[in-house]
There are 2 protein chains.
Amino acid sequence: MPVTLKQLADRVGVHPSTISRVANNDPGLRISPATRSRIEALLRETEYRPNGIARGLKLQQTLALAVVIPDVTNPLFAALFRGVEDGASPRGYNVVLCNTDGSPDRQRSHLASLTARRVDGVILASTFLRDPSVRWLRQQRIPHVLVNRFSDDGLDPFVGSDDVMGAKVATQHLYALGHRRIAHLAGQPTVSTGVLRRRGYLAALAEAGVKADPKLVVESGYVEDGGARGTERLLSMRDRPTAIFAVNDMAAVGAHSVARRLGLRIPDDLAVVGYNNIPLAGRLIPGLTTVHVPAHEFGIMATRLLLEQIESGQRPARQVVFQPQLVVRGSTVVGADVELAPAALMQE
Amino acid sequence: MPVTLKQLADRVGVHPSTISRVANNDPGLRISPATRSRIEALLRETEYRPNGIARGLKLQQTLALAVVIPDVTNPLFAALFRGVEDGASPRGYNVVLCNTDGSPDRQRSHLASLTARRVDGVILASTFLRDPSVRWLRQQRIPHVLVNRFSDDGLDPFVGSDDVMGAKVATQHLYALGHRRIAHLAGQPTVSTGVLRRRGYLAALAEAGVKADPKLVVESGYVEDGGARGTERLLSMRDRPTAIFAVNDMAAVGAHSVARRLGLRIPDDLAVVGYNNIPLAGRLIPGLTTVHVPAHEFGIMATRLLLEQIESGQRPARQVVFQPQLVVRGSTVVGADVELAPAALMQE
DNA sequence: AACATTAGGGCAATCGTTTGTCCAGATCAA
DNA sequence: TTGATCTGGACAAACGATTGCCCTAATGTT
């Protein structure tokens with residue numbers, strides 16, 4: 001067992017509180033140089049570290065944050081987590097990671113356990129629209145930041161990107177390449193990114209004067225399998241789309257592999273655009289055109305907003321929205337990979 | 001602020017200890033049914049959850065584990081973490097995640113902060129040979145399990161795979177395909193996997209009666225960039241290798257892309273074998289032949305060993321070693337991808 | 001009637017730190 | 001010599017929950 005204040009106090013012959021003040025460098029402490037140096041020597045010798053639990057109980061703060069995401073196996077969330085840790089670690093915080101696999105129940109139970117543990121704040125990236133868990137966090141006044149997805153527009157501190165704009169840019173890119181039958185592998189209507197990206201897709205079509213065909217919008221969700229199935233449905237239509245805008249890269253990867261399997265050439269027979277720019281997007285052949293989402297920066301920024309809340313005691317309720325950027329690769333433009341490949345591959 | 005025992009006690013008019021006993025279902029408690037039901041009603045109404053910090057202080061356990069890895073952005077470690085969480089979460093434990101980026105200093109400081117926090121146990125996958133941090137954990141009698149890499153052979157509970165055997169099988173595979181100049185992109189000699197895989201590579205050559213050429217072993221480390229550089233060196237030799245066995249998949253990916261860039265055909269001009277079987281390995285074109293390492297199972301098993309230690313108070317010091325399995329893909333055998341691709345792509 | 005037992009909880013110590021307050025002796029000024 | 005001030009720390013009350021022990025009144029036993 002690690003050494004305690006009382007044990008040290010007994011060895012020096014002073015009161016534990018004196019050791020504590022020396023260890024914490026209490027400026028108001030008046031102490032003889034002799035005693036101080038004896039204590040300091042002992043502190044070094046024993047490598048004394050205050051018991052974080054006792055400290056947490058007294059100070060009402062744990063120096064722990066939590067990150068709740070669908071799945072860390074998804075590179076987007078892994079990068080997000082790294083951002084959080086990189087922001088939190090230098091400030092002395094540890095980070096608890098929880099995966100929900102997209103289940104509201106698991107999210108709820110994780111949050112319950114995290115609040116029982118009294119983490120100082122929570123970063124949530126697995127949120128649904130009008131999410132009861134988020135409302136509960138808000139009501140309990142637990143410092144939190146939503147990332148990537150939000151629950152009730154504007155009510156919580158949020159870090160994300162402009163999903164409508166990103167989807168619009170992606171769709172306009174396809175339109176500009178001459179595509180007129182552009183399909184959308186959509187996210188669930190219960191998730192903000194699903195709704196917003198679909199909205200951006202529709203807005204781009206409307207602005208371009210293309211009449212949207214409801215049959216061209218298929219709900220694929222955010223996983224490869226859904227993207228594959230959706231693509232099979234789309235490609236089996238009598239009036240096939242020539243391009244697909246997918247709600248995220250994994251769905252796009254599903255489209256990608258179905259197209260390959262069916263012997264369609266990308267981008268000539270089918271152009272594909274994804275969303276998020278996960279590392280895999282640059283590795284596919286051809287590379288996947290996608291909307292870049294700076295996941296690592298999300299994590300850093302979310303941590304900043306969270307620590308602001310924690311340290312000020314206020315809820316600044318700031319919303320930070322990044323402007324998305326289209327990354328053009330070979331899945332929409334022939335040859336777009338050539339220039340990128342050597343440099344990109346070497347720098348990673 | 002969440003409700004405390006004392007507040008509840010005041011509302012019911014009993015002593016806090018009574019509430020505690022009811023909440024914890026103390027079997028030795030004698031209480032009138034009337035009082036009990038009033039208390040239970042209040043517990044439900046207020047959704048009382050004991051303060052985990054106070055509980056931890058009293059009970060000397062935090063119900064928190066920690067996972068220390070080089071980088072969660074690496075799919076191998078992401079899968080490992082999922083295994084840990086999947087094993088720990090149902091037992092009521094939360095998991096703190098720490099990334100070291102391979103720096104012994106960051107590992108040390110994380111470990112210091114984790115022990116100050118009094119996590120109940122640590123799972124370490126970022127260990128070096130003769131690692132001072134590990135020796136310190138051992139000496140402090142902090143429950144821990146090493147995963148994938150070990151520090152001092154046999155002294156700590158460990159979960160991993162037979163690295164010598166895996167490397168041997170990989171090298172034998174290349175030999176069986178007719179390769180005689182087989183190079184090795186090696187890991188650092190400070191890491192057990194680096195040493196063991198190199199040993200397996202050399203053992204396979206020796207058994208096959210091939211004289212090992214020291215020039216064919218280049219230290220690449222575990223990252224793509226190192227693999228790329230190492231491969232450039234190997235391919236610029238007058239007597240080029242026809243095959244490369246890389247210490248892990250990322251290094252192999254580096255080899256892969258350098259070969260492509262130089263216009264070499266894989267596997268005809270250069271065969272490549274990796275290690276770990278990360279998801280990307282199956283996505284490359286051609287697919288990367290590699291040694292499968294069950295990262296998720298590692299995590300589950302490591303958690304089991306750790307919880308055993310924690311709950312028994314003993315150190316069973318069990319070592320669990322999985323037998324590695326070679327996954328043959330197109331980077332060594334032409335056409336090996338064909339049969340796999342459709343099924344593999346669909347099932348994910 | 002005297003004593004023992006049981007029912008129903010209350011008391012207080014404890015986990016390890018932090019921090020506002022207090023105190024005894026020494027030193028100082030007048 | 002008498003206060004006043006200063007020095008160098010000691011004391012104790014939190015922070016919440018847990019748990020061994022104790023206490024009082026009521027009931028039961030002989």
Side-chain angles (χ1 to χ4, degrees), chain A residues 1-40 42-43 46-64 92 113 115-120, chain B residues 1-40 42-43 46-64 92 113-120 140:
Chain A
M1 285 296 103
V3 66
T4 73
L5 276 186
K6 197 197 303 211
Q7 293 168 354
L8 294 182
D10 289 346
R11 288 184 54 181
V12 190
V14 299
H15 196 268
S17 65
T18 304
I19 312 264
S20 171
R21 292 187 215 258
V22 170
N24 293 348
N25 238 307
D26 183 337
L29 173 61
R30 294 172 313 190
I31 193 175
S32 72
T35 316
R36 175 187 289 276
S37 63
R38 279 173 56 211
I39 294 180
E40 282 173 345
L42 195 60
L43 287 176
T46 59
E47 293 183 350
Y48 171 75
R49 300 271 159 226
N51 181 321
I53 308 185
R55 202 159 203 274
L57 182 58
K58 177 65 186 173
L59 300 184
Q60 307 278 49
Q61 59 149 333
T62 51
L63 289 179
S113 135
T115 51
R117 184 178 300 291
R118 298 300 190 273
V119 294
D120 293 332
Chain B
M1 287 298 103
V3 66
T4 73
L5 275 187
K6 196 200 300 210
Q7 294 168 354
L8 294 182
D10 290 346
R11 288 183 55 180
V12 190
V14 299
H15 195 268
S17 64
T18 305
I19 311 266
S20 170
R21 293 186 215 258
V22 170
N24 292 348
N25 238 310
D26 182 338
L29 173 61
R30 293 172 312 189
I31 192 175
S32 73
T35 315
R36 175 186 288 275
S37 64
R38 280 173 55 210
I39 294 181
E40 283 174 344
L42 195 59
L43 287 176
T46 59
E47 293 182 352
Y48 170 75
R49 301 271 159 227
N51 180 322
I53 309 185
R55 200 160 205 275
L57 182 57
K58 175 66 185 176
L59 300 183
Q60 307 278 49
Q61 63 151 325
T62 52
L63 288 180
S113 135
L114 291 169
T115 50
R117 184 179 300 291
R118 299 298 192 274
V119 294
D120 294 332
Q140 303 283 312

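In what follows, chains carry the letters A, B, and so on, assigned in the order in which the sequence lines appear, proteins first and then strands, with residues in each chain numbered from 1.
- Side-chain atoms of A:R117 come within 3.5 Å of backbone N or O of B:L63 as a donor-acceptor pair.
- The side chain to side chain donor-acceptor pair (under 3.5 Å) test applied to B:T115 returns no partner, not counting sequence neighbours.
- Partners of A:L57 by side chain to side chain contact (heavy atoms under 4.5 Å, CB included), not counting sequence neighbours, listed by chain and number: B:I53, B:A54, B:L57.
- Within 4.0 Å of A:S20, counting heavy atoms only, lies at least one base atom of the nucleic acid.
- Looking at residues 48-60 of chain A, you'll see A:L57, A:K58, A:Q60 sit with a heavy atom under 4.0 Å from some atom of DNA chain D.
- Here B:N24 lies in heavy-atom contact (under 4.0 Å) with sugar-phosphate atoms only.
- Sorted by first and then second residue, the salt bridge (Lys or Arg N to Asp or Glu O under 4.0 Å) pairs involving residues 22-32 of chain B (not counting sequence neighbours) are B:R21-B:D26.
- A 4.0 Å heavy-atom criterion places the boundary nucleotides of DNA chain D facing chain B at D:dG16 to D:dC21, written 5' to 3'.
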Hey, can you pull the donor-acceptor pairs under 3.5 Å for the side chains in residues 8-16 of chain B, sequence neighbours left out?
from	atom 1	to	atom 2	distance (Å)
B:R11	NH2	B:E45	OE2	3.4
B:H15	ND1	B:S17	N	3.2
B:H15	ND1	B:S17	OG	3.0

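- The side chain to side chain donor-acceptor pair (under 3.5 Å) search around A:S37 returns none, not counting sequence neighbours.
- The side chain to side chain donor-acceptor pair (under 3.5 Å) search around A:T62 returns A:D120, not counting sequence neighbours.
- Legend: residues meeting side chain to side chain contact (heavy atoms under 4.5 Å, CB included) with A:Q60, ordered by chain and number and at least two apart, are absent.
- Contacts between residues 8-19 of chain A and DNA chain C, defined by a heavy-atom separation below 4.0 Å, involve A:S17, listed by number.
- Taking OG1 of A:T35 as the start and CD of A:E40 as the end, the distance is 11.0 Å to the nearest 0.5 Å.
- Residues forming a side chain to side chain contact (heavy atoms under 4.5 Å, CB included) with B:S20 (at least two apart in sequence, or on another chain): B:L5, B:N24.
- A distance of 4.0 Å separates CD1 in B:I39 from CD1 in B:I31, rounded to the nearest 0.5 Å.
- Within residues 29-40 of chain B, no residue has any heavy atom closer than 4.0 Å to DNA chain D.
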